[in-house]
Number of protein chains: 2
Amino acid sequence: MKAYIPNLSVDCVVFGFDHERLNVMLTKRELLDPITKDVIFIDYTVLGHHVLEGEPIDDAASRVLKHRTGLDHIYLEQFYTFGGLDRMSNEKDQMWTKLKYPMISDHVISVGYYSLVDSFEVKPDDKHENTQWFPVDDLPALGFDHKEMIERALEFLQRKLRREPIGFELLPEKFTISQMQKLYECVFGAKFDRRNFRKKVSQMKYVIPLDEKQKGVAHKPAQVFIFSKDVYYRTKKEKLDFSV
Amino acid sequence: MKAYIPNLSVDCVVFGFDHERLNVMLTKRELLDPITKDVIFIDYTVLGHHVLEGEPIDDAASRVLKHRTGLDHIYLEQFYTFGGLDRMSNEKDQMWTKLKYPMISDHVISVGYYSLVDSFEVKPDDKHENTQWFPVDDLPALGFDHKEMIERALEFLQRKLRREPIGFELLPEKFTISQMQKLYECVFGAKFDRRNFRKKVSQMKYVIPLDEKQKGVAHKPAQVFIFSKDVYYRTKKEKLDFSV
DNA sequence: TTTTGTAAGTGTATTATTTACACATACTAA
DNA sequence: TTAGTATGTGTAAATAATACACTTACAAAA
């Protein structure tokens, strides 16, 4: 077993979409007084851990995800590295580090990754009781600089989604145009006109209709689509721009 | 004096524009046989160095720039962190590290920054004899993963320049529209129509004409402009898009 | 069986943006 | 005086973006 690099960690901002809102997976951090066992504070952080000696940072990020959520082979991309001294300037973070990880340097550089999953595939209850989904627009108290981290991850996601069809990572394999529109609206924090949105989608040859309809809904059932990565790479020239 | 973090460095891709081409500042790396003094190889790298314990990584990047070029207070932005094991997979890089820095880990994570300067302000001769400008589209042999690093930095610059008026960092304080167009053409590797380009620029209220003309040119002298950061921030809503 | 509620699905006209394109001008150097 | 060179300018056509309203198919309730 290799040692952890004391100054270097990875943090994963895991985004999930539940067809209503865009969510982030957070893990609870609870500091108890070592003697009285009183709760000193409770807050949340994104999923992170230190990097091992000789471990590629991308692997470190996958490892963290796998370990903390059981998720494997999911969309994962680096977005920014946080390396200021003010990352731990908050008193509670200093207490936490001093009590829990006294041997760790007080200057940790953290490489930020973000990950995209269909939240229906990841229920927060299964064994990982300390992780939980929170809507990005209604976050709880966060540790370290993780508020800034999530904001930056979201900006990065927005810019990426403007250029590339990565939204499908947040949807189930089969989806409707309305689900897709809702997703784009959540990510961009904006409303789109339904007809114009559908016009745009119909130009994306890689969004392919199936001979299948929604079932069990109390309204006209929607047509079901899939995303084809293959077709996307073959027809890449098309510009994708969801500017609001 | 604080110690260097053995696994963590910063690398700066310094871009300069000489009104003809986009250039990158590189430093020569020359490995001699310790006994025979024969040259084993010569190649080039971008400017980099290890991060100090307790040093914010942005400061480390500024420090490297200042130390290697004398430049201070110039445009500097982080773009990506390189942390694969294959960064040093090349044999010559391993030799170099073994001979020159035997105490340094063979797995170094490097935070990549890029910097923008007017190349006329930075002549490669002044005291820093080992640094030299090279056109981005005609680079010499590069050490480590620095080819990929420069490519990624350029992509990042392109995307940034599409959204924000940072091109002026690469131009002298006073410039002509043609110089500006040439710059955009170099960065994007594309040609633009002169009239359409000028139309776009004339919509940028933060590009301000002076009561001044070019002098000593063998053609109709061009009008001189300056960029106003102030006006830019006050009129930010405008969208800037130099998609080709 | 009928009614009600709900989201799906569809086309056109208007406006804004992007593109393509050619000639007169002002200067230096020969 | 002439030749050479980069500057400066406007319009028409094509494309892309926007705004906007009614019919349809289903489940659930009456």
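The sequence lines fix the lettering, A, B, ..., with proteins before strands; numbering per chain opens at 1.
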Side-chain-base donor-acceptor pair under 3.5 Å for B/K199 and D/dT11: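 Checked by distance alone, the answer is yes.
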Run the side-chain donor-acceptor check on residues 215-223 of chain B: report pairs under 3.5 Å with partners two or more places apart or on a different chain.
{"unit_1": "B/Q223", "atom_1": "NE2", "unit_2": "B/L210", "atom_2": "O", "d": "3.2"}

What's the [atom1]-[atom2] distance between [X] and [N], to the nearest Å?
| X | N | atom1 | atom2 | value |
| --- | --- | --- | --- | --- |
| A/R198 | C/dA7 | CZ | P | 13 Å |
| A/Q223 | C/dT10 | CD | P | 8 Å |
| B/K200 | D/dG10 | NZ | P | 20 Å |
| B/I177 | D/dT7 | CD1 | C1' | 11 Å |
| B/F197 | C/dC21 | CZ | C1' | 18 Å |

D/dT7 phosphate, OP1 or OP2, under 4.0 Å from B/S178 side-chain N/O: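 So the side chain of B/S178 is within the cut-off, an N or O lying under 4.0 Å from OP1 or OP2 of D/dT7.
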Residue list, ring-ring contact (aromatic ring centres under 6.0 Å, His included) with B/F17, at least two apart or on another chain: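 Testing B/F17 for ring-ring contact (aromatic ring centres under 6.0 Å, His included), a comparison that skips the adjacent residues, returns B/H19.
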Results of ring-ring contact (aromatic ring centres under 6.0 Å, His included) for B/Y75 - residues two or more places apart only: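 If we apply the ring-ring contact (aromatic ring centres under 6.0 Å, His included) test to B/Y75, skipping adjacent residues, the hits are B/Y114.
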Sole residue of A/Y184, A/Y232, A/F175 in ring-ring contact (aromatic ring centres under 6.0 Å, His included) with A/F168: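 Exactly one pass, corresponding to A/F175.
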Residue-level proximity of residues 208-216 of chain A to DNA chain D when a heavy atom falls under 4.0 Å: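 Within this stretch, nothing sits under 4.0 Å of the strand.
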Closest to side chain of B/P221, choosing from C/dA8, D/dC26, C/dA26: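 Nearest to the side chain of B/P221 among the choices is C/dA26.
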Residue B/H219, side-chain heavy atoms: nucleotide from D/dT7, C/dT18, C/dA7 that is nearest: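 Given the options D/dT7, C/dT18, C/dA7, the side chain of B/H219 is closest to D/dT7.
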Exam field: side chain A/E169 to backbone A/I74, donor-acceptor pair closer than 3.5 Å: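 Such a contact is absent between A/E169 side chain and A/I74 backbone.
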Check: residues 141-153 of chain B side-chain donor-acceptor pairs under 3.5 Å, at least two apart:
{"unit_1": "B/D145", "atom_1": "OD1", "unit_2": "B/R87", "atom_2": "NH2", "d": "3.1"}
{"unit_1": "B/D145", "atom_1": "OD2", "unit_2": "B/R87", "atom_2": "NE", "d": "2.8"}
{"unit_1": "B/H146", "atom_1": "ND1", "unit_2": "B/V46", "atom_2": "N", "d": "3.1"}
{"unit_1": "B/K147", "atom_1": "NZ", "unit_2": "B/E151", "atom_2": "OE2", "d": "3.1"}

Considering only nitrogen or oxygen atoms on both sides, find all protein atoms under 3.5 Å from nucleotides 20-24 of chain D and state each distance.
{"unit_1": "D/dC20", "atom_1": "N3", "unit_2": "A/R195", "atom_2": "NH2", "d": "3.3"}
{"unit_1": "D/dC20", "atom_1": "N4", "unit_2": "A/D193", "atom_2": "OD2", "d": "3.3"}
{"unit_1": "D/dC20", "atom_1": "N4", "unit_2": "A/R195", "atom_2": "NE", "d": "3.4"}
{"unit_1": "D/dA21", "atom_1": "N1", "unit_2": "A/R195", "atom_2": "NH1", "d": "3.3"}

Set of residues satisfying side chain to side chain donor-acceptor pair (under 3.5 Å) with respect to B/E212, sequence neighbours excluded: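 Checked B/E212 against side chain to side chain donor-acceptor pair (under 3.5 Å); matches are B/K174.
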Test side chain to side chain donor-acceptor pair (under 3.5 Å) applied to B/T27 - qualifying residues, sequence neighbours left out: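 Once residues adjacent in sequence are excluded, the partners of B/T27 under the side chain to side chain donor-acceptor pair (under 3.5 Å) criterion are B/R68.
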Residue whose nearest DNA chain C nucleotide is more 5′ - A/A222 or B/V217: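 That would be A/A222.
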Qualifying salt bridge (Lys or Arg N to Asp or Glu O under 4.0 Å) pairs, either residue in residues 14-28 of chain B, two or more places apart: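 As it turns out, the salt bridge (Lys or Arg N to Asp or Glu O under 4.0 Å) pairs with a partner in residues 14-28 of chain B, which skip direct neighbours, are B/R21-B/D137.
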